[in-house]
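Below is one structure; the comments refer to it alone.
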Protein chains: 2
Amino acid sequence: MTAQRDRLNAVSDTADQRVVPGTERTIPEATVARLAIYLRALTGLAERGIGTVSSESLATAAGVNSAKLRKDLSHLGSYGVRGVGYDVALLTDQIRSTLGLNENRAVALIGLGHLGQALAGYAGFASRGFRISALIDADRAMVGDRLRGLIIQHVDALEQVVRSENIAIAVIAVPVNAAQDVCDRLVAAGVRSILNFAPTVLNVPSHVDVRKVDLAAELQILSFHDNRKGARQDFGPGSVATVGEVGSRLTTTDSMVAAT
Amino acid sequence: MTAQRDRLNAVSDTADQRVVPGTERTIPEATVARLAIYLRALTGLAERGIGTVSSESLATAAGVNSAKLRKDLSHLGSYGVRGVGYDVALLTDQIRSTLGLNENRAVALIGLGHLGQALAGYAGFASRGFRISALIDADRAMVGDRLRGLIIQHVDALEQVVRSENIAIAVIAVPVNAAQDVCDRLVAAGVRSILNFAPTVLNVPSHVDVRKVDLAAELQILSFHDNRKGARQDFGPGSVATVGEVGSRLTTTDSMVAAT
DNA sequence: ACGCCCTTGTGAAGGCATTCACAAAATCGA
DNA sequence: TCGATTTTGTGAATGCCTTCACAAGGGCGT
């Protein structure tokens, strides 16, 4: 199988330690996934004019516990001040740099149905270090139209566009039966990271990173928990709000889009 | 913090074992998340007329390794036949029943921007045991319009709609500044499970289950890996396709939407 | 009936991730 | 200058998930 789960950066694992001074060593996968959330929380604090924050309150804002937050941050280095907390601006920079968000990354978006258009219009892109550089669809009726300042291109030109714009990250929002084909072509054209919204498992060579967002799966997971809760409640009659034993769960999963 | 991570069903943990014969005990969270994926793979097999499948090939179709698959399935009970494999139809039923998908669940969708409309149009809903029973938006210009056979209702009527349709699961696809408010109202109206697409942490009482889908976070995670890869490649000149050491990662995350 | 072969189901081991709990900084006031 | 107070950073412990490896079980051919 392609799935590799090992540590993230074997970089400093064996011998040489040639690392950019700010860019630290091994960061656990789970931590990386949360950095993005911390970043959002920090942005919110900055907007409210807050310059310093303790692990406790940042953790609350991000919906995690403070020990985890501190351990996560400790992987980036030591950017807090004991007795005081973290400098919001500094920490923001550190996380951005760790995630590689300082160099506006070019992203291609393939598939412009409702979902694709929702993604194209997502304001969080630009503000978070990503720049949609290409919009691609298979429907010739759309090709040539302008959307958010970009001209929609036909999928036939996919390879050419990817190469000329030097795109390393692509978002697949095409129907399921077209997904693997689009994926293969993206990979052949040099794309190294793919975010897949089509409900299928994509086969990729081992140097390509795929993440998938699966709405049906999310709902089914909720359904499972809801099912359990329902079974539970049959015991006591109406008390929905007071179970709080098996009940709660704030499952922090992933990917997020602002509607409209 | 609200986040609880404990085992899923404390049900049979202590004393009594009063469980529906098909519905088995304790199922790990990680397993539940994958059941949905297996279900999709099984559906594909059934469509191709395949009646029996080995753990090895089902695992391949689902993008996991076979040991994990078998252990996952063992949590539902023993539905395979040694030397033969799993009966596709039977296993499908078992998973559906475990996830509670046999009773068409009513879902409310709040927010009908591009994303909301993409979700409303997602064919995978009905076919996977969910029925969108209410469409709600704050824009009075839309209210009264018909979308996919449902009339769009104003958010003022949220509580009434949730109660009259007996909705337990809601999908939030509203702008970030409206999300917490909508969430509070849903919870007050009795919703127990929420899928949140707004880029914010929702505060909910402990009996409510929230899952979130965060696109920006997904991209940022990809960015991180891409960044590492980039650093790596600087050593050898052009060989993009032959690293395959730190490189690959087929990160199976979650939620999925069919575009168009 | 019997034995061969295939595939499941599962103990046991190993690896990550989370949580706990506290010593090590750093500020502040006296 | 020093002690009180606050909050970070981190060893150690715990628990969950994954992976390994194989015994148990079931079909099938002879």
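Lettering follows sequence order; numbering is per chain, from 1.
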Counting only N and O atoms by type, is there a donor-acceptor contact under 3.5 Å from the side chain of A/Arg128 to the main-chain atoms of A/Ala36? no
Minimum-distance nucleotide to B/Pro28 side chain [options: D/dC17, C/dG9, C/dA17]: D/dC17
Grab the CG-C1' distance between A/Leu58 and D/dT7 for me, whole Å please. 14 Å
Nucleotide C/dA21, atom P - distance to CG of A/Asn65 in whole Å: 13 Å
Taken to the nearest whole Å, CG/B/Asp87 to C1'/C/dT7 is 15 Å
Assert: residue with more 5' nearest nucleotide on DNA chain C, out of B/Lys71 and A/Arg82, is B/Lys71
Just how far, in rounded Å, is C1' of C/dG15 from NZ of B/Lys68? 13 Å
Does D/dT7 have its OP1 or OP2 closer than 4.0 Å to a side-chain nitrogen or oxygen of A/Ser54? no
Heavy-atom check, side chain of A/Pro28 versus side chain of A/His75, under 4.5 Å: yes
With no hydrogens and no angle check, is any side-chain donor or acceptor of A/Ser223 less than 3.5 Å from a backbone partner on A/Leu219? no
Roughly how many Å is it from OH in B/Tyr79 to P in D/dG25, rounded to a whole number? 18 Å
Shortest non-hydrogen contact from B/Asp226 toward A/Arg192: OD2-NH2, 3.0 Å
Closest of C/dA21, C/dT18, C/dT8 to the A/Ala30 side chain is C/dT18
Rounded off to whole Å, could you give me the CG-to-P distance for the B/Leu73 and C/dT8 pair? 9 Å
Which nucleotide in D/dG26, D/dG9, C/dG9 has an atom nearest any side-chain atom of A/Arg70: D/dG9
Along DNA chain C (nearest heavy atom to each residue), the more 5'-positioned of A/Val84 and B/Gly83: B/Gly83
Using atom types as modelled and distance alone, determine if a side-chain donor or acceptor of A/Ser193 lies under 3.5 Å from a backbone N or O of A/Ile169. no
Between atom CD1 in B/Ile27 and atom P in D/dT18, what is the gap in whole Å? 14 Å
May I ask you to verify if any side-chain N or O of A/Ser55 is less than 4.0 angstrom from the OP1 or OP2 atom of D/dT7? no
To the nearest Å, how far apart are A/Arg34 CZ and C/dC16 P? 15 Å
